[in-house]
Amino acid sequence: MKTCDLHTHSTASDGSDTPSELIHLAKEADLAAIALSDHDTVDGLVEAEREARSIGMEFIPAVELSCQFHKGNMHLLGYYIDMKDQEFLKVLARVQAARAERNPKILAKLQELGISITMEELKEMASGGQIGRPHIARALVKKGAVRDVGQAFEKYLKRGGKAYAPKSILSPAEAISAVLKAGGIPVLAHPFSLKADTTEELQSIIIDLKSKGLQGVECIYSEHSPEFTQQLIQITRALDLAVTGGSDYHGKAKPYIKLGRGKGSLTIPYSCVEELKAIRDERS
Ligand code: AMP
Ligand code: ZN
Ligand code: FE
Ligand code: FE
């Protein structure tokens, strides 16, 4: 069976592989297609597309936008976005500015707790890419303040953690509309992170997002149990939205997640790409 991975990160955000390396890893993993979906940036897409073309790998330009949400985390994936769309680039610039303001706030809170990390150290760790909490987590591990990245989030960086500072500035409606205007297909990322209490709550969130323009749901995902995946596919099909899937590969930043394979048993059928293409072709 042909398989793919529609959710990955590179050094343009908080992944550890360069866009080119990612394309080669996709080839080695025998994937039929790969999307690069860095957090709040399209900076890796030109390199990834060029490399993909040169080795004959199907590539889908994408992005993962953080949204404001009253509980849990809401991330929106945008597929086949026009990476040169000026309005979209302006939205990303606004989000990136919010990120840049947030990191010093987190560092100041850590400083108050007696842990000293500088922006320079973070910049070095991010090697030019978007700086995010995973970089701060790695710095905390390096300083010996925590045992591992998981503990760094648990103790300091998660919402409610001792050094947490909020970042997201886009409402779900703004994020969906920005993706649509840039010619992209808006897809709800990893719904488990919404932390809905019941299937009904989850369903009503997705119905609401559909009314705002959502066109797909990432049902197949590294952290979703088989039962949850089936539930999601059912909800998604009933609403006539596209079923997509991705591992959320971050390289060394999340060593337990393998490209295209997640924690080992993940399989993302190529039909997910075909569903996205059907939506794209319907438009043109
Ligand atoms: P940011 O974009 O700075 O808000 O950071 C988001 C990144 O942090 C995503 O890649 C998440 O996967 C990662 N992340 C969030 N919570 C945790 C956690 N508990 N352990 C490890 N990584 C996490
Ligand atoms: Zn990430
Ligand atoms: Fe995400
Ligand atoms: Fe992600």
Side-chain angles (χ1 to χ4, degrees), residues 5-17 19 22 35-41 43-44 62-69 71-79 92 95-107 109-110 117 119 122-123 125-126 129-141 146-170 172 175 179 186-195 216-224 244-257 259 262-263:
D5 194 334
L6 300 179
H7 189 156
T8 70
H9 295 271
S10 75
T11 46
S13 66
D14 55 3
S16 68
D17 297 300
L22 201 62
L36 174 59
S37 56
D38 274 310
H39 297 285
D40 306 319
T41 181
D43 288 352
V63 69
E64 182 176 23
L65 300 174
S66 309
C67 304
Q68 288 169 335
F69 191 59
K71 63 200 249 188
N73 275 309
M74 185 183 288
H75 288 174
L76 184 82
L77 294 158
Y79 289 108
L92 291 181
V95 176
Q96 288 164 13
R99 245 182 207 287
E101 279 173 32
R102 172 214 213 188
N103 293 319
K105 285 184 198 161
I106 297 178
L107 295 190
K109 288 187 179 180
L110 287 172
I117 296 169
M119 272 314 292
L122 289 187
K123 279 182 190 149
M125 254 172 186
Q130 285 295 306
I131 299 172
R133 283 178 293 166
H135 300 110
I136 305 179
R138 270 156 55 202
L140 284 166
V141 176
V146 290
R147 174 177 76 234
D148 54 24
V149 166
Q151 197 185 34
F153 272 91
E154 206 40 52
K155 214 167 160 186
Y156 297 109
L157 302 173
K158 69 170 190 191
R159 185 190 288 199
K162 283 188 199 165
Y164 179 76
K167 162 203 63 180
S168 315
I169 53 160
L170 293 179
V179 167
V187 171
L188 176 65
H190 44 64
F192 89 101
S193 75
L194 299 172
K195 300 205 161 44
V217 177
E218 187 177 54
C219 301
I220 306 164
Y221 185 75
S222 300
E223 307 285 346
H224 290 170
T244 76
S247 67
D248 213 351
Y249 177 79
H250 279 71
K252 289 193 195 78
K254 282 189 191 177
Y256 50 92
I257 303 289
L259 189 66
K263 289 178 172 170

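As a basis for the values below, the full set of heavy atoms in this structure was taken, side chains included, without hydrogen atoms, waters or symmetry mates. As the structure lists them, so they are numbered: ligands from 1, and atoms in each ligand from 1.
- Coordination check, His75 versus the Fe ion (ligand 3): passed, since an N/O/S atom of the residue sits under 2.8 Å.
- In this structure, Glu101 does not pair ionically with Lys167, as no charged nitrogen and carboxylate oxygen lie closer than 4.0 Å.
- Looking at heavy atoms from C-beta onward, Val149 lies out of side-chain contact with Leu140 at the 4.5 angstrom threshold.
- A donor and an acceptor atom, one from each side chain of Asp38 and Ser13, are located under 3.5 Å apart.
- Ring geometry, His39 versus His9: the interplanar angle falls under 30°, so the pair is classed parallel (tilted spans 30 to 60°).
- A ring-centre distance under 6.0 Å is not found for His224 and His190.
- At a cut-off of 2.8 Å, Asp14 coordinates the Zn ion (ligand 2) through an N, O or S atom.
- The Zn ion (ligand 2) sits nearest to atom NE2 when only the N, O or S atoms of His39 are considered.
- Residue Gln130 places every heavy atom at 4.0 Å or more from ligand 1.
- The protein heavy atom nearest to atom 4 (O) of ligand 1 is Arg133 NH2, 2.8 Å.
- For the residue pair Ser247 and Asp5, a side-chain donor N or O sits within less than 3.5 Å of a side-chain acceptor on the partner.
- The closest approach between any non-hydrogen atom of Ser66 and ligand 1 is not below 4.0 Å.
- Put simply, His250 gets within reach of the Zn ion (ligand 2), with an N, O or S atom under 2.8 Å from it.
- Close N/O approach between Asp248 and ligand 1 is not found [any backbone or side-chain N/O within under 3.5 Å].
- When only interatomic distances are considered, the shortest N/O to N/O separation between Lys254 and ligand 1 falls below 3.5 Å.
- By the 4.0 Å heavy-atom criterion, His9 is excluded from the residues contacting ligand 1.
- Only side-chain heavy atoms of His250 come within less than 4.0 Å of ligand 1; its backbone N, CA, C and O stay farther off.
- For Asp14, every heavy-atom contact with ligand 1 shorter than 4.0 Å involves the side chain, none the backbone.
- Put simply, the side chain of Phe69 reaches to within 4.5 Å of the side chain of Leu194, judged on heavy atoms.
- Within the listing of ligand 1, atoms 5 (O), 7 (C), 8 (O) sit less than 4.0 angstrom from a heavy atom of Pro134.
- The atom name of the N/O/S atom in Glu64 closest to the Fe ion (ligand 3) is OE2.
- Every atom of ligand 1 is numbered from 1 in the order shown, and the set under 4.0 Å from a heavy atom of Gly132 is 3 (O).
- Using a 4.5 Å heavy-atom cutoff, the side chains of Leu188 and Glu218 are not in contact.
- Atom CZ of Phe192 and atom CD of Glu223 lie 5.0 Å apart (nearest 0.5 Å).
- Of all atoms in ligand 1, listed by their number and element, those nearer than 4.0 Å to a heavy atom of Arg102 are 1 (P), 3 (O), 4 (O).
- Not a single heavy atom of Lys158 sits less than 4.0 Å from an atom of ligand 1.
- The name of the N, O or S atom in His190 nearest to the Fe ion (ligand 3) is NE2.
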